[in-house]
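The structure appears right after this line, and notes come after that.
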Amino acid sequence: MSEGSPALGAAGWLGLAAAPTFAAMALLTGAGGGQPQILCSAAQHPSPLGGMALMYLLMSAFHSAPWLKLISNR
């Protein structure tokens, strides 16, 4: 594939979409008051960044490489 092909452009945009999507999911899960996990419900003060919110936050960090590459090229 050449550098300007539409498939490569779509893959680039898809790579840029992953980190903000996971960050938004972490915010919505942490602030949305979703279903508490049964194992964690016994804790006296459960953290809003536990369970799925923490996983989404970590996935956002792992998928931030395209954004860092875009920023470093500027």
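Numbers here are sequence positions counted from 1.
- Every residue two or more places apart in sequence or in another chain was checked for a side chain to side chain contact (heavy atoms under 4.5 Å, CB included) with L27, and none qualifies.
- When hydrophobic clusters are built by joining Ile, Leu, Val, Met, Phe, Trp and Tyr residues whose side-chain heavy atoms come closer than 4.5 Å, directly or via intermediates, W67 is grouped together with W13.
- S72 places a side-chain N or O within donor-acceptor distance of the main-chain N or O of K69, the cut-off being under 3.5 Å.
- Atom CE of M59 sits about 10.5 Å away from atom OG1 of T21, to the nearest 0.5 Å.
- When all heavy atoms of H63 and A19 are compared, the pair lying nearest together is O-CB, 3.5 Å.
- Y56 pairs by the ring-ring contact (aromatic ring centres under 6.0 Å, His included) definition with nothing, not counting sequence neighbours.
- Of all heavy-atom pairs spanning A53 and A26, the tightest one is O-CB, 3.6 Å.
- Remark: S64 engages L68 in a side chain to side chain contact (heavy atoms under 4.5 Å, CB included) (not counting sequence neighbours).
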